[in-house]
2 protein chains.
Amino acid sequence: MESMQGEVIYPPLANNHISVDCVVIGFDGTQLNVLLVNRHGEEDGLAYHDMKLPGSLIYQDEDLDGAALRVLNELTGVKNIKLMQFRAYGSKNRTSDPKDVHWLERAQQARVERIVTISYLALVKIDRAIDKSLDAHKAGWVPLNDVKRLAFDHNLILTEAMHYIRDAAEVNPVMLFDLLPRKFTASQLRTMFELIYGHAIDVRNFHKKIAMMDYVVPLEERQQGVAHRAARYYKFDRKIYNKNRR
Amino acid sequence: MESMQGEVIYPPLANNHISVDCVVIGFDGTQLNVLLVNRHGEEDGLAYHDMKLPGSLIYQDEDLDGAALRVLNELTGVKNIKLMQFRAYGSKNRTSDPKDVHWLERAQQARVERIVTISYLALVKIDRAIDKSLDAHKAGWVPLNDVKRLAFDHNLILTEAMHYIRDAAEVNPVMLFDLLPRKFTASQLRTMFELIYGHAIDVRNFHKKIAMMDYVVPLEERQQGVAHRAARYYKFDRKIYNKNRR
DNA sequence: GCAAAAGTGTTCGGGTTACACCCATGC
DNA sequence: GCATGGGTGTAACCCGAACACTTTTGC
């Protein structure tokens, strides 16, 4: 689907009825962001540009997970992203907006009927390396609160993805550490939990909780040049986590 | 897919790449059972018969949820089954066994390539009315422990469905009441939880827990003609549940 | 009366909640 | 020195886990 160039040759599609879409969530220390790609087109003689989730029809020689990984790899250059499949969308009218149909057919260069999409979710660190690759693909991070009307049913998919994260994190909160950089402060960690769970967390109780998590290890390093007491950095140690839990 | 008759006319398929499969779990008071349909065929000149999950390719005029509901309605006659979509299966080699391919092509009367299936989960009461309809379709309840090798990747789907139930019930145990008849004893309820969670539950603590759930209301009715102290019946009151929780 | 399952309370410990003040730093 | 966010302890409460004996019924 990432085709505006026209003459690139693509591997054969498995069929034009099945796609994957990826909801990639990143945390910048303050807000949750979602990775979106720009879509340009013309409808009724008027140019428009809006955004969509990264996605693609699936190729003949790949399975669903593979297709989702490929989409993200093409976009970010990253290979080993943890992806969770979370839902299929196949409503008859999800490709009913003529704008969407026309855009697809031009991008796809084929008649498009009904498409079922399998949606994937990834939690990643926002990272300089990724950002460069994103620019090249006219894609970028958009704060969740600033997301406007997206193509297809992608607003729905995004909303349900956020619900899914919340539920999944309830069972296994450790997955959320994928959102954080290698070093993070206690309040970044807390802010992240607050954003996911949607409610404030008591600061003192939160510090107690961190202290109990042996896999969150305090570093000697502290913030530099901030206009207040410098915060300590912590890191997430997956080895310790794997050893003691599960 | 439920076609052994040959001359029945079916509505047009959306395409032959997308299907739904239903994992329907029922509880008989002692064991968990799954609803399976018989599959008959011939391969290399040898007749075989095994079992599969109920499923179907999707028709043009229905969406995914609709297709799953149709499958269950055709099979059981029941209309308002609560279905949860839980995962898509689209591995390239899920239709690699020649036996499966041949069977599908005969049932489908069309060339079959790759099929992505969207799997659904339902928890239902085992019920006389359903059972009659099942006989007519050569389908039936099979205790989970007695499930043999199933068609396609249906063993995988079943296994993952059971995991899914466990996780989902952890967040929202009330969904499990769908498995129970209108009247049930405390030990039936306990047995059900034990089967889902895979471990024994202390009897006294369990009674305390029931007592705290205002939506599990004790009835005056008791078991009849059992060779031990007769157990009290309880019922699940969804109105009370909806009022006080959520 | 005996086998078989139903039903009933108390104690202990760990984890979660609520809550208010001093600390370090840059400007 | 003041504004800004960082960091700390204690008491109350709730919930889950452990644990053993009496009751009712049919045979």
Side-chain angles (χ1 to χ4, degrees), chain A residues 27-31 166 169-174 176 180-181 183-235 244-245, chain B residues 27-31 166 169-174 176 180-181 183-235 244-245:
Chain A
F27 176 63
D28 61 15
T30 309
Q31 288 180 97
R166 224 179 172 167
E170 202 121 337
V171 178
N172 173 31
V174 171
L176 298 180
L180 293 168
K183 290 165 190 187
F184 50 85
T185 66
S187 62
Q188 283 173 344
L189 184 59
R190 187 165 51 84
T191 303
M192 183 194 73
F193 278 115
E194 288 178 340
L195 287 171
I196 299 285
Y197 292 125
H199 63 79
I201 300 175
D202 179 89
V203 186
R204 280 187 282 191
N205 293 334
F206 189 70
H207 273 271
K208 253 186 304 177
K209 183 170 279 183
I210 292 178
M212 303 201 62
M213 298 190 275
D214 51 359
Y215 49 85
V216 177
V217 315
L219 305 177
E220 284 319 310
E221 201 176 339
R222 277 149 209 275
Q223 282 181 322
Q224 302 276 334
V226 285
H228 52 77
R229 181 171 171 181
R232 177 189 286 278
Y233 282 113
Y234 295 81
K235 68 167 187 173
N244 302 1
R245 323 274 145 167
Chain B
F27 175 63
D28 60 15
T30 309
Q31 290 180 96
R166 225 178 171 166
E170 202 120 336
V171 178
N172 173 30
V174 171
L176 297 179
L180 293 168
K183 289 166 190 185
F184 50 87
T185 65
S187 61
Q188 283 172 343
L189 184 59
R190 186 165 50 83
T191 303
M192 183 194 72
F193 278 115
E194 288 178 341
L195 288 170
I196 300 285
Y197 292 124
H199 64 80
I201 300 174
D202 180 88
V203 186
R204 279 186 283 190
N205 291 335
F206 189 71
H207 272 272
K208 253 186 304 177
K209 182 171 280 183
I210 293 178
M212 302 200 62
M213 299 189 276
D214 52 0
Y215 50 84
V216 176
V217 315
L219 305 176
E220 284 318 309
E221 201 176 339
R222 278 148 208 274
Q223 282 182 321
Q224 301 277 334
V226 286
H228 54 78
R229 181 170 170 181
R232 176 189 287 278
Y233 282 113
Y234 294 81
K235 69 168 185 174
N244 301 1
R245 323 273 145 166

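The structure presented is a predicted model; accordingly, all values stated were derived computationally and were not measured. Side chains are part of it too, since the values below use all heavy atoms of this structure and drop only hydrogens, waters and symmetry mates. Letters go in sequence order (proteins before strands), and every chain restarts at 1.
For A:Asp28, the side chain to side chain contact (heavy atoms under 4.5 Å, CB included) criterion is met by A:Thr30, A:Gln31, A:Asn33, A:Ile126, not counting sequence neighbours. Residues meeting the salt bridge (Lys or Arg N to Asp or Glu O under 4.0 Å) test with A:Asp214, sequence neighbours left out: A:Arg245. Contacts of B:Lys183 classified as side chain to side chain contact (heavy atoms under 4.5 Å, CB included), with partners at least two apart in sequence or in another chain: B:Leu219, B:Glu221, B:Tyr233. In this structure, the salt bridge (Lys or Arg N to Asp or Glu O under 4.0 Å) partners of A:Arg232, at least two apart in sequence or on a different chain, are A:Glu220. Residues forming a side-chain hydrogen bond (donor to acceptor under 3.5 Å, both in side chains) with B:Asn205 (at least two apart in sequence, or on another chain): B:Asp202, B:Lys208. Listed by chain and residue number, nothing satisfies the ring pair (Phe, Tyr, Trp, His ring centres under 6.0 Å) test with B:Tyr234 (two or more places apart in sequence, or in another chain).
Taking NE2 from A:His207 and NZ from A:Lys209, the interatomic distance works out to 13.0 Å, rounded to the nearest 0.5 Å. Between the CD atom of B:Glu170 and the CD atom of A:Glu170 there is a distance of 10.5 Å, given to the nearest 0.5 Å.
Listed in residue order, the members of residues 197-204 of chain B having a heavy atom less than 4.0 Å from DNA chain D are B:Asp202, B:Arg204. Of the residues in residues 208-229 of chain B, B:Lys208, B:Ala227, B:His228, B:Arg229 come within less than 4.0 Å of DNA chain C through at least one heavy atom, sorted by number.
First and last contacts of DNA chain C with chain A, using any nucleotide atom under 4.0 Å from a protein heavy atom and ordered 5' to 3', fall at C:dT17 to C:dG26. For DNA chain D, the outermost nucleotides in 5' to 3' order that have an atom under 4.0 Å from a heavy atom of chain B are D:dA17 to D:dG26.
When heavy atoms are screened at a 4.0 angstrom cut-off, B:Thr185 is found touching no nucleic acid atom at all.
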Residues 188-195 of chain B side chain polar contacts: donor-acceptor under 3.5 Å, at least two apart:
residue	atom	partner	partner atom	Å
B:Gln188	OE1	B:Thr185	N	3.1
B:Arg190	NH1	B:Glu194	OE2	3.4
B:Thr191	OG1	B:Ser187	O	2.7
B:Glu194	OE2	B:Ile201	N	2.8

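Between A:Pro173 and A:Tyr197 the shortest heavy-atom distance is CB-OH, 4.2 Å.
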